[in-house]
Amino acid sequence: MNKELPKIYEPKKVEKEIYTAWEKDGFFQPDKNTANGKYSIVMPPPNVTGTLHMGHAAMLAIEDILIRYNRMQGKSTLWIPGTDHAAIATQTKVEKIIKEEGLTRHQLGREKFLERVRQFAQQSHDTISEQVRAMGSSCDWSREAYTLDETRTKVVRTVFKMMHDDGLIYRGDRVVNWCPRCKSTLADDEVEHKTQKAPLYTFKYDKNFPITIATTRPETKLGDTAVAVNPSDERYKKYVGQTLSADFCGKKLNLKIIADRNIEMDFGTGALGVTPAHSMIDWKMAKEHDLEIVKVIDEDGNIKEGFAEFSGKSAKEARKMIVEKLSQQNLIEKEEEIENNLSVCYRCGTSIEPLPSLQWFVDVNKKISRHGKSLKELSLAAVSSGVFDREKIQIIPERFEKDYFRWMENLQDWCISRQIWFGHQIPVWYKDGETFVGIEEPAGDEWIQDTDTLDTWFSSGMWTFSTLANNPEQIKLENGKLIIDSEDFRNFHPTDVLETGYDILFFWIARMILMTTYAIGDIPFKNVYLHGLVRDDKGKKMSKSLGNVIDPLDMIAKYGTDATRLSLVIGSTPGNDLKLSEEKIESFRNFTNKIWNIGRYIISNQTKEKTGQIECKNFTLADNWILSKLQEVVMQVTDDIEKFRFSQASEKLHDFTWSEFADWYLEIAKFEDNKTEKQWVLENVLDTILRLWHPFMPFVTETIWKELDRKKSLINEKWPTTDAQTENTVAHEKLFDFIREIIIAIRNARIENKIDLKKEISILISTENQKDYQGTNTQKLIQEQEIIIKKLRTGVSSIGFTDTKIENSITRTIAGLTIYIPLEGLVDVKKEKEKITKEIESIEKFVGGLRGRLENADFVAKAPAQVINQQKETLAKKQTELAELKKHLSSL
RNA sequence: GGGUGAUUAGCUCAGUUGGCUAGAGCACUUCUCUUACAAAGAAGGGGUCACUGGUUCGAGUCCAGUAUCACCCACCA
């Protein structure tokens, strides 16, 4: 029965249909039977701000590999998809859109604006979910979550209340990073620093003031309440502790002179005017020294009331006026240009204004009575030693642990309120000075909810457990403990792997660990796998403005999903950035086609009648060779995936599939006459490599699988296992590799005209040790090699056996068989000599080392007897080999 | 200022706890329409593993230092 299949595999024609069928058949949902183990991943939710990029594609590819692999291991496997509302990012995006219509959010009003945001988010969500599907992601859509949906909102509010009840959430004044344009607070890590040149003014507050100070922001000096100097600075020692008053541009200042070791004596005048309200470090100093806090600048970035002619002016204008006034009074000693870092909003680029403001905070240092530890301590323990009887969380690559610790140790109280509209509104209500914190709105009309919303990481920090609740009713707060009463939560938490880019280690991963250890009393995940950033082929970040963006959907349309996925996996190692080019994807498209054609050939030779009993006795050298290599590959690929080495796994598979199976075995199979056995081997190897490839390339493998007339989908098939290698098959493998090498050498000699084509050349194999090859049909072996020889037109006319020693020939002993190749004209004697000399050298080194070790009393005393015996055996073997090689060398 | 990583073929990168002749893809050269695949096949060229020392029988791999590049954190009053 010969099936006609197209020569070229066209992914576009099949992918969508296959995915739809998988989804419809419920293959993405976890098996109810959890007897074989459980495995779960929650997808890092993409922001609903637009479309997916290559970074997302890499994330999906890696997670899908893990999920499919574990599903094939028979585990009940769950992968939850979802999206993030990404408060500030989304709101800013929509503000830009309505700006084009000439509107601002304030003109629209809260409700109408939020409706626009919701529409936009919905659209984005739909696009994203299509893209996630196009990547072949086998995630369970029936459990899809959104950080702002009803169930997640319930979790967020419950945890907020819980933290509030535990005294971890408080409201307080603090200098925060304020963006005057976004009218919102920014977290420290949302602030970007830009290098700029700015004038540094060195001046005195008034002409009687004894200390000269330097600043780039004279206008804030209106709010100075102290002057700080280094404690060991001799110039100012006498003033420390005094309070001096000054008349600064008409404003009376009372300045306490304080000593602080953070002050650098070499910068400026070594004295710093302390403005508690408008500088982070000044705020800290003010707290330490109990200074008065005077606010100068308001939320719009203008000077507040009470500062005479400066009031109402923008900070910039006020600065100009003050500089002018100071120079009129001749108080400016120096004006120089310095380079400093301007803090700007990561969203809009507006320079941020540090302002004291009333915000909600999470206390990270307060001990939680239930755990006996603070949030910070819990989070540190989860990664360093483990908490709640769990093993420590493993971060891959390990080096990021250090970053994590450093960041966590320096963590300050977390400001969780944002002055934007889109997001989880803070579940706090006010009425006539009364405050209510709760999950539901309190009864009665007059209650007004806090207008601030929560930092987006507050909700995404709960992602591993909030997604495992299926509806709001399952979420309860009982005796101060969070209960998630769902089957999914009991089965799948903690999750197995959290896979994401290293750029959000602090933003997100750290916050998930913090939130989960606190609220659930467990770790959120056992492993963290951090992939690198996907960059363009020159190593630049992909960005729209640079025009170097490679859109995953374009690539999928052009080269297919499987090729796109492979290009993101091969050559990519955890924590390292990946440079991607279209050529790379193209090369994997070619590989997809290769697999397709391998399948196509084998299918075209399928016979109608079931292959009967296979006689292993009829297996040839090549059959044993490929089967033995296959075993090795199964072992290595399994091991690699278990250890998160996806690049290595797929490279090995790639190499086996193309260079060994297709290039050699398939070619030999064409000329072979044990057809039944050959077809059996072909089909079996194909069957196995389709399984191995499936997590990496789900579509092409499923397509071939179906063409092979397999009834079930490949998705639920078992992952291949290995049998123990017999010595015999290993020997076959080595022998075959050697003959392959000889044949290539002979062929090259022929091409270089070193061999007379008409001359008879034979490879002779000694019959001496044939008993080592029991089970091998020696006649077949010879035939097979002759076929290879003919096929490759090497000029070798035969392979035969000999019972006498052949002098003057290349002699090799491979796996117990002695092989003679008549020397004359075949091999470059000089090259061969060099090669053998090198080999002797390296073996001598090896033997020397082994002997040294075996003579080392310490080693002999400590090592197990088995290891010592093994090494002794190896030594003996190597010594024999060495003797043979030396003999051979001298015979040349 | 503090930290992390990288440096391997022309390009992009693999290389596990040190071990046998350092690999792949792309590019390059030569040959081949051979009935799975020209998106192919066969063969080949190309490397002082950044540099200098050290440990070791043995170093791309471990240690110390140097150089260059990249990134992260803090801060620049």
Side-chain angles (χ1 to χ4, degrees), chain A residues 5 7-9 188-189 193 195 198 200 213-217 220-221 228 262-264 267-275 279-282 338-343 397 399-400 402-403 406-407 410 502-503 505-506 532-533 537-539 559 563 567 570-573 575-581 583-584 586-605 636 639-640 643 645 647-648 650-652 654-655 658-659 662-663 666-667 670 744 747-748 751-752 791-793 834-835 838-839 841-853 856 878 881:
Chain A
L5 294 174
K7 279 188 173 187
I8 288 174
Y9 170 67
D188 288 346
D189 35 32
H193 300 282
T195 310
L200 177 74
I213 61 157
T215 184
T216 51
R217 298 202 56 190
T220 63
K221 300 293 108 183
N262 289 320
I263 305 300
E264 278 177 44
F267 189 92
T269 60
L272 162 72
V274 181
T275 322
S279 154
M280 293 281 185
I281 37 166
D282 291 9
I338 60 155
E339 207 162 76
N340 72 349
N341 274 333
L342 181 68
S343 303
R399 63 183 146 91
F400 282 97
K402 271 182 262 171
D403 286 343
R406 193 160 36 82
W407 187 83
N410 294 325
Y502 65 78
D503 51 329
L505 178 65
F506 309 135
L533 267 42
D537 55 347
K538 291 183 190 71
Y559 303 110
S567 73
I570 292 191
S572 152
T573 46
N576 294 325
D577 292 351
L578 172 72
K579 285 175 200 156
L580 184 71
S581 62
E583 289 76 45
K584 189 174 173 188
E586 196 181 342
S587 81
F588 291 117
R589 185 270 317 264
N590 296 355
F591 177 68
T592 317
N593 202 46
K594 189 78 189 178
I595 290 203
W596 169 251
N597 275 292
I598 292 169
R600 182 170 166 247
Y601 174 75
I602 295 171
I603 289 161
S604 72
N605 287 322
Q636 289 177 343
D639 189 49
D640 282 340
K643 291 179 175 143
R645 298 192 294 244
S647 178
Q648 275 190 69
S650 44
E651 257 181 288
K652 277 175 192 158
H654 181 269
D655 194 50
W658 202 322
S659 312
D663 288 351
L666 220 71
E667 292 301 326
K670 286 178 191 170
I744 291 168
R747 204 192 124 124
N748 288 347
I751 288 169
E752 289 163 25
K791 169 81 179 152
L792 300 177
R793 296 173 200 159
E834 270 173 24
K835 196 174 161 184
K838 256 191 176 174
E839 207 168 325
E841 266 173 35
S842 80
I843 294 180
E844 269 176 345
K845 270 184 192 169
F846 184 68
V847 166
L850 257 186
R851 199 185 289 142
R853 197 183 306 156
N856 183 332
K878 287 278 170 189
E881 205 177 305

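Quick note on labels: first sequence line is chain A, next is B, and so on, each numbered from 1.
- No donor-acceptor distance shorter than 3.5 angstrom exists from the side chain of D655(A) to the backbone of E651(A), with no hydrogens or angles considered.
- For the pair D503(A) (side chain) and L533(A) (backbone), a donor-acceptor distance under 3.5 Å is absent.
- How far CD of Q648(A) is from CD1 of I570(A): 11.5 Å, rounded to the nearest 0.5 Å.
- When heavy atoms are screened at a 4.0 angstrom cut-off, I281(A) is found touching the sugar-phosphate backbone but no base atom.
- Between the C1' atoms of C13(B) and U52(B), the separation comes to 27 Å (whole Å).
- Place G571(A) and Q648(A) on RNA chain B by their nearest nucleotides, and G571(A) ends up nearer the 5' end.
- Contact annotation for A662(A): base contact, defined as any heavy-atom pair under 4.0 Å involving a base atom.
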N/O-N/O pairs, protein side and nucleotides 62-64 of chain B side, under 3.5 Å:
none

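- In this entry the distance linking OH of Y502(A) with P of U4(B) reads 16 Å, nearest Å.
- Rounded to whole Å, the separation between the P atoms of G65(B) and G25(B) comes to 39 Å.
- Using P as the reference atom, G45(B) and A50(B) are 23 Å apart when rounded to the nearest Å.
- When each of U4(B), C72(B), A36(B) is scored by its nearest atom to the side-chain atoms of F506(A), the top-ranked nucleotide is C72(B).
- One can place NZ of K402(A) at 7 Å from C1' of U4(B), the figure rounded to the nearest angstrom.
- Rounded to an integer number of Å, the gap from CG of N576(A) to P of C71(B) is 14 Å.
- The minimum heavy-atom distance linking S572(A) with S647(A) is given by the pair O-CB, 3.4 Å.
- Between the side chain of K221(A) and the main chain of G273(A), a donor-acceptor pair closer than 3.5 Å is present.
- For U16(B), its base sits under 3.5 Å from the side chain of K652(A) at one donor and acceptor pair at least.
- Among the atoms of the strands shown, only primed sugar atoms or phosphate atoms (P, OP1, OP2) are found under 4.0 Å from some heavy atom of T573(A).
- For the atom pair W658(A) CH2 and I598(A) CD1, the distance stands at 8.5 Å (nearest 0.5 Å).
- Within the 4.0 angstrom heavy-atom criterion, no nucleotide atom of any strand lies near R217(A).
- At the heavy-atom level, T592(A) lies nowhere under 4.0 Å from the strands shown.
- You'll find the side chain of F506(A) reaches within 4.5 Å of the side chain of D403(A), heavy atoms only.
- Atoms CG (D577(A)) and C1' (A6(B)) sit 10 Å apart, rounded to a whole Å.
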Could you go through the side-chain contact (heavy atoms from CB on, under 4.5 Å) check for L578(A) and K584(A) one step at a time? CA-CA 12 Å; L578(A) 172 72; K584(A) 189 174 173 188; 3.6 Å; yes

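- K579(A) has its NZ atom 14 Å from the C1' atom of A14(B), to the nearest Å.
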Under-3.5 Å N/O pairs linking protein and nucleotides 24-31 of chain B:
from   : atom 1 : to      : atom 2 : distance (Å)
G25(B) : O2'    : S587(A) : OG     : 3.3

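- Between the NZ atom of K7(A) and the P atom of A40(B) there is a distance of 14 Å, rounded to whole Å.
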How does RNA chain B look in dot-bracket notation if pairs are Watson-Crick or G-U with both distances under 3.5 Å, crossing ones as [ ], other-strand ones as |? (((((((..((((.....[...)))).(((((.......))))).....(((((..]....))))))))))))....

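- Between C28(B) and G10(B), the two C1' atoms lie 9 Å apart (nearest whole Å).
- Judged purely by atom type and a 3.5 angstrom limit, D640(A) has no side-chain atom pairing as donor or acceptor with the backbone of R645(A).
- Note: CZ (F591(A)) to P (A36(B)) measures 19 Å, nearest angstrom.
- To the nearest 0.5 angstrom, K594(A) atom NZ is 5.5 Å from D663(A) atom CG.
- Put simply, CG on N593(A) and OH on Y9(A) are 10.0 Å apart, with the number rounded to the nearest 0.5 Å.
- Look at the P atom in both A70(B) and C63(B): the space between them is 25 Å, to the nearest Å.
- A straight line from CG of D663(A) to P of A38(B) spans 14 Å, rounded to a whole angstrom.
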Working note: Y502(A) + N576(A), criterion side-chain hydrogen bond (donor to acceptor under 3.5 Å, both in side chains); need CA distance, chi angles, decisive distance, verdict. CA-CA 9 Å; Y502(A) 65 78; N576(A) 294 325; over 6 Å; no

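- Side chain of S279(A) to backbone of D282(A): a donor-acceptor contact under 3.5 angstrom is found.
- Donor-acceptor pairing under 3.5 Å, judged by distance alone, is absent between the side chain of R399(A) and the base of U4(B).
- The separation of C20(B) from G58(B), taken at their C1' atoms, amounts to 11 Å, rounded to a whole angstrom.
- With RNA chain B read from its 5' end, the first of the two nearest nucleotides for G270(A) and I598(A) is the one closest to I598(A).
- Distance noted for atom P between U48(B) and A39(B): 35 Å (whole Å).
- Within the nucleic acid shown, K594(A) comes within 4.0 Å of at least one base atom, counting heavy atoms only.
- Under the 3.5 Å distance criterion, the side-chain polar atoms of R589(A) are left unmatched by any main-chain donor or acceptor of A563(A).
- Between the P atoms of U34(B) and A42(B), the separation comes to 15 Å (whole Å).
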